[in-house]
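Below, each value reflects all heavy atoms present in this structure, side chains not excepted, and no hydrogens, waters or symmetry copies. Residue numbers begin at 1 in each chain, while the letters A, B, ... track the order of the sequences.
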Amino acid sequence: MTLDFLGTLQRTHTCGELRTTHSGQTITLMGWVNRRRDHGNLIFLDLRDRTGITQVVLDKEVSPEAHAKAEAARPEYVIAVTGVLRNRGEGLANPNMPTGDVELVAHSLLLLNDAKTPPFSPAEDAIANEEVRLQYRYIDLRRAEMQKNFLVRSRVAMAIRNYLVSQGFLEIETPFMTRSTPEGARDYLVPSRVHPGHFYALPQSPQIFKQILMISGFDRYFQIARCFRDEDLRADRQPEFTQIDLEISFPQMSTIFAVAEGFLHAAFRAAGIELPDEPFIQMTYDQAIQKYGIDKPDMRLPAMVDLSATITPELRESLKIDPTLPILGFTIPRVSTLSGTQRRGLVDEIRKFFGDSGLDFLDVARLRTNATFVPLAETIEGRLSAEMSRFNGVSHTSEDLAVVITPKPGTPAMWNYDPQWIYKRIGALRLELAKKFADKHKLFEQTQTAADFKFLWVTDFPMYEWNEETKTWDAAHHPFTSPHEEDIKSGALVNDKGSVRALAYDVVLNGTELGSGSIRIHRKDVQSEIFRSLGMSDEEAKARFGFFLDALEYGTPPHGGIALGLDRIVMILAGAQSLREVIAFPKTAKAIDLMVDAPTTVSDAQLRELSLRTVTRS
RNA sequence: GGGGACGUAGCUCAGUUGGUUAGAGCGCUGCCCUGUCACGGCAGAGGUCGCGGGUUCGAGCCCCGUCGUCCCCGCCA
């Protein structure tokens with residue numbers, strides 16, 4: 001088969017834009033053959049570009065040459081068609097496609113390029129195995145769904161840029177090759193040729209640079225920044241990902257919240273969703289743990305209810321439940337009435353979930369079978385009903401699944417758990433059951449309206465985390481996060497690290513952490529004190545962050561900021577279940593790029609130039 | 001590092017208790033067809049059952065190992 005040269009031909013329109021108003025015009029389209037329907041002397045080609053599909057008609061009587069070329073055309077061939085647009089006749093229109101009222105009657109057709117039969121068809125709705133999709137990513141990206149995802153991504157990024165620029169932010173780039181810092185995630189390292197044995201690290205985030213920019217007087221900085229972390233992956237974690245990173249001088253927390261909410265409104269508007277014009281709700285970390293058992297609550301589900309007050313001390317005594325431990329209940333809405341078998345299965349499942357952890361399912365239905373406990377059952381159900389009512393304005397019904405978890409009776413002495421551990425464990429069960437019954441309660445379904453998106457701020461994270469392995473206090477956020485000023489004044493930094501609250505906050509959407517930030521430390525003396533409280537000697541701190549400590553001494557303004565995951569925002573807006581759906585060239589769970597086949601070994605010559613030698617680990 | 005699911009034609013999948021020549025749909029190839037739009041009709045090609053080893057008279061199926069993809073835990077300041 002002979003391919004045609006393009007010559008000076010230019011396309012006049014795109015495949016998605018033609019309507020009856022264009023009828024009668026001579027039009028040139030270029031694109032890919034989506035499907036071919038060959039009726040002998042009449043051939044239909046669906047011509048596709050990223051904007052849509054237009055039906056092209058090849059009539060042997062109109063142009064035998066064009067018709068002959070269409071006979072040779074196959075799916076994914078690249079062609080140019082020139083012809084006259086006409087309205088389809090009565091009964092011939094296709095109401096299922098935007099261009100379905102018109103068709104292009106081809107007078108000439110150029111075969112610009114042929115194509116091997118692709119391993120899977122971008123025209124099909126059924127999607128192939130992800131391994132094949134990633135290997136042939138260029139074909140996968142032709143699918144309408146993927147094209148849509150990247151259109152959303154581009155628009156969202158642009159909307160955020162526009163918003164931040166309108167708010168006085170400067171976009172400033174920071175290095176990709178920087179210095180390794182021992183904290184946090186593992187670094188991706190880049191060997192230096194010029195300095196044998198020395199390495200750059202790819203940034204886990206532009207954290208220190210953006211703080212330096214504040215010191216430099218750029219009082220509002222932002223960047224759509226690539227970040228790199230060498231940790232194991234998940235559906236919502238890629239080794240390189242994109243953050244909307246920003247920092248503000250002289251802020252209150254509320255300043256940063258307002259900016260972040262502002263650009264989220266703009267981003268959602270760009271995706272066609274108008275969020276309500278009211279501030280996101282806020283709760284402290286402690287409240288989040290107690291009400292949702294997690295630091296990123298999914299507000300599409302009712303909260304947990306503390307039933308401790310419902311169980312009288314006498315009852316606790318008789319049930320042998322430690323009086324200091326919480327008893328929690330929660331409701332999964334609209335699960336529908338369970339049969340006896342289903343109920344027993346569920347109880348087994350819950351007991352299995354808790355294993356020998358010392359938590360147990362309290363079956364309210366069984367309480368009702370014993371006259372002594374009927375009032376208790378009623379009180380418990382009343383409390384759960386109140387939460388349901390608060391949640392969605394409708395009281396608890398028998399269709400809703402009520403779950404009550406107690407510390408297992410009779411083993412109080414074995415308990416030395418932190419109550420927080422119990423909240424978290426039960427919170428995990430809440431999510432587990434919500435996922436299990438997602439089909440029933442439908443609260444996770446997306447209708448792409450504002451009501452689907454439940455935002456909140458979680459504030460006052462703990463400053464320190466106890467590291468059981470090293471028996472030390474680690475920074476829960478990062479070591480540049482400012483504690484509450486009162487917690488510095490009170491001496492808690494030294495005396496009671498567990499109680500110190502950080503001026504750190506997360507923005508959470510539907511149980512996903514979208515972003516995280518903090519007010520930073522701007523005083524050298526406080527920064528040094530924090531390093532010391534983390535068990536870092538002055539010498540160590542100097543060795544690791546000397547340049548930064550130096551910079552702090554030259555007039556550092558109070559500052560703070562936040563970074564939000566662009567990939568996650570787009571993923572949620574696209575209704576996707578994985579970041580790979582919104583990253584053009586993502587990596588697999590083992591951090592491999594199946595298309596380019598990276599990483600690879602390199603030649604000995606390359607290694608020698610870098611003064612490197614590889615060793616095989618046993 | 002740990003747990004789980006999956007791997008059979010280009011794609012999506014079926015394959016009985018281990019038993020003759022491993023199937024289907026889509027796609028592909030050829031021929032026919034002037035109103036289709038997931039066109040239709042006829043004919044056809046296409047398989048290292050992920051890979052290696054074992055058990056067995058006999059393995060897609062059982063066992064051991066290994067590789068790959070996905071999900072989860074750990075990890076991700």
Legend entry - Side-chain donor/acceptor of A:Asp298 to backbone N/O of A:Arg300, under 3.5 Å: yes
Legend entry - Pair assignment for B:rC26, Watson-Crick or G-U wobble, requiring both distances under 3.5 Å: B:rG10
Legend entry - Residues which pass side chain to side chain contact (heavy atoms under 4.5 Å, CB included) with A:Thr174, listed by chain and number, not counting sequence neighbours: A:Pro206, A:Phe209, A:Leu213, A:Gln223
Legend entry - Interatomic distance at C1', B:rG46 relative to B:rU8, whole Å: 14 Å
Legend entry - Crowding at CH2, A:Trp32 (>12 non-hydrogen neighbours, <6.0 Å): no
Inset, instruction - State whether the side chain of A:Ser518 and the backbone N or O of A:Arg520 hold a donor-acceptor pair below 3.5 Å, judged by distance alone. - result: no
Inset, instruction - Between B:rG44 and B:rG25, how far apart are the P atoms? Round to whole Å, please. - result: 13 Å
Inset, instruction - With sequence neighbours left out, write down each residue that passes side chain to side chain contact (heavy atoms under 4.5 Å, CB included) with A:Glu465, or none if nothing qualifies. - result: A:Ala476
Inset, instruction - Pick out which of A:Arg37, A:Arg36, A:Arg35 makes a salt bridge (Lys or Arg N to Asp or Glu O under 4.0 Å) with A:Asp46. - result: A:Arg37
Legend entry - side chain to side chain contact (heavy atoms under 4.5 Å, CB included) against A:Asp550, all qualifying residues, sequence neighbours excluded: A:Glu553
Inset, instruction - Quick one: label A:Ala123 by what it contacts on the DNA or RNA (base, sugar-phosphate, nothing), any heavy atom closer than 4.0 Å. - result: nothing
Inset, instruction - Please list residues of residues 520-535 of chain A whose heavy atoms come under 4.0 Å from any atom in RNA chain B, ordered by number; otherwise none. - result: none
Legend entry - Nearest-Å distance once atom P is located in both B:rC75 and B:rA59: 47 Å
Legend entry - Residues forming a side chain to side chain contact (heavy atoms under 4.5 Å, CB included) with A:Glu513, sequence neighbours excluded: A:Lys296, A:Asp506, A:Ser516, A:Arg568
Inset, instruction - Quote, to the nearest angstrom, the C1' distance that separates B:rG52 from B:rG15. - result: 24 Å
Inset, instruction - Could you walk me through whether A:Tyr292 and A:Tyr423 pass ring pair (Phe, Tyr, Trp, His ring centres under 6.0 Å), step by step? - result: CA-CA 8 Å; A:Tyr292 299 91; A:Tyr423 288 124; over 10 Å; no
Inset, instruction - Mind jotting down which residue pairs meet the ring pair (Phe, Tyr, Trp, His ring centres under 6.0 Å) criterion with at least one end in residues 120-148 of chain A? Sequence neighbours excluded, please. - result: none
Inset, instruction - Using a 4.0 Å heavy-atom cut-off across all strands, classify A:Gln207 as base, sugar-phosphate, or nothing. - result: base
Inset, instruction - Please measure how far the P atom in B:rA5 lies from the corresponding atom in B:rC42, and state the result in whole Å. - result: 43 Å
Legend entry - Nucleotide opposite B:rU66 in a Watson-Crick or G-U pair, distances under 3.5 Å: B:rG50
Inset, instruction - Searching all strands shown, indicate the nucleotide that pairs with B:rG58 (Watson-Crick or G-U wobble; both distances under 3.5 Å). - result: none
Legend entry - Set of salt bridge (charged side-chain N to carboxylate O under 4.0 Å, His left out) partners for A:Asp286, sequence neighbours left out: none
Inset, instruction - Return the set of residues passing salt bridge (charged side-chain N to carboxylate O under 4.0 Å, His left out) with A:Glu131 (not counting sequence neighbours), or none when no residue passes. - result: none
Inset, instruction - Could you tell me whether A:Thr481 contacts a base, only the sugar-phosphate backbone, or nothing, with contacts defined as non-hydrogen atoms closer than 4.0 Å? - result: nothing
Inset, instruction - For residues 73-105 of chain A, pull every pair meeting ring pair (Phe, Tyr, Trp, His ring centres under 6.0 Å), keeping only residues two or more places apart or in separate chains. - result: none
Legend entry - Backbone N/O of A:Asp230 and side chain of A:Arg186: donor-acceptor pair under 3.5 Å: yes
Legend entry - B:rG27 and B:rC39, which share atom name C1', separated by this distance in whole Å: 16 Å
Inset, instruction - For B:rC49 versus B:rG10, give the span between their C1' atoms, rounded off to a whole number of Å. - result: 16 Å
Legend entry - Strand partner of B:rU34, provided both Watson-Crick or wobble distances fall under 3.5 Å: none
Legend entry - Contact letters for nucleotides 26-39 of chain B, in which S counts primed atoms plus P, OP1 and OP2 and B counts the base, heavy atoms under 4.0 Å: --SSS--BBBBBSB
Inset, instruction - Give the rounded distance in Å between these two atoms: CD of A:Gln243 and C1' of B:rC76. - result: 12 Å
Where do N or O atoms of nucleotides 66-75 of chain B meet protein N or O atoms at under 3.5 Å, pair by pair?
{"residue": "B:rG68", "atom": "O2'", "partner": "A:Glu131", "partner atom": "OE2", "Å": "2.6"}
{"residue": "B:rU69", "atom": "OP1", "partner": "A:Thr588", "partner atom": "OG1", "Å": "3.3"}
{"residue": "B:rU69", "atom": "O4'", "partner": "A:Glu131", "partner atom": "OE1", "Å": "3.2"}
{"residue": "B:rC70", "atom": "OP1", "partner": "A:Ala589", "partner atom": "N", "Å": "3.3"}
{"residue": "B:rC70", "atom": "OP2", "partner": "A:Ala589", "partner atom": "N", "Å": "2.8"}
{"residue": "B:rC70", "atom": "O3'", "partner": "A:Arg580", "partner atom": "NH2", "Å": "3.0"}
{"residue": "B:rC71", "atom": "OP1", "partner": "A:Arg580", "partner atom": "NH1", "Å": "3.3"}
{"residue": "B:rC71", "atom": "OP1", "partner": "A:Arg580", "partner atom": "NH2", "Å": "2.9"}
{"residue": "B:rC72", "atom": "OP2", "partner": "A:Ala235", "partner atom": "N", "Å": "3.4"}
{"residue": "B:rC73", "atom": "OP2", "partner": "A:Arg234", "partner atom": "NE", "Å": "2.9"}
{"residue": "B:rG74", "atom": "N7", "partner": "A:Arg234", "partner atom": "NH2", "Å": "2.8"}
{"residue": "B:rG74", "atom": "O6", "partner": "A:Arg234", "partner atom": "NH1", "Å": "3.0"}
{"residue": "B:rG74", "atom": "O6", "partner": "A:Arg234", "partner atom": "NH2", "Å": "3.4"}
{"residue": "B:rG74", "atom": "N1", "partner": "A:Asp232", "partner atom": "OD2", "Å": "2.6"}
{"residue": "B:rG74", "atom": "N2", "partner": "A:Asp232", "partner atom": "OD2", "Å": "3.1"}
{"residue": "B:rC75", "atom": "O2'", "partner": "A:Glu231", "partner atom": "OE1", "Å": "2.6"}
{"residue": "B:rC75", "atom": "O2", "partner": "A:Arg237", "partner atom": "NH2", "Å": "3.2"}
{"residue": "B:rC75", "atom": "N3", "partner": "A:Arg237", "partner atom": "NH1", "Å": "3.3"}
{"residue": "B:rC75", "atom": "N3", "partner": "A:Arg237", "partner atom": "NH2", "Å": "2.7"}
{"residue": "B:rC75", "atom": "N4", "partner": "A:Arg234", "partner atom": "NH2", "Å": "3.3"}
{"residue": "B:rC75", "atom": "N4", "partner": "A:Arg237", "partner atom": "NH1", "Å": "3.1"}

Legend entry - Contact letters for nucleotides 3-8 of chain B, in which S counts primed atoms plus P, OP1 and OP2 and B counts the base, heavy atoms under 4.0 Å: ------
Legend entry - A:Leu246 and A:Lys210: CA distance, side-chain angles, deciding distance, side-chain contact (heavy atoms from CB on, under 4.5 Å) verdict: CA-CA 8 Å; A:Leu246 64 87; A:Lys210 69 175 176 178; 5.9 Å; no
Legend entry - Atom C1', compared across B:rG30 and B:rU20: separation rounded to whole Å: 33 Å
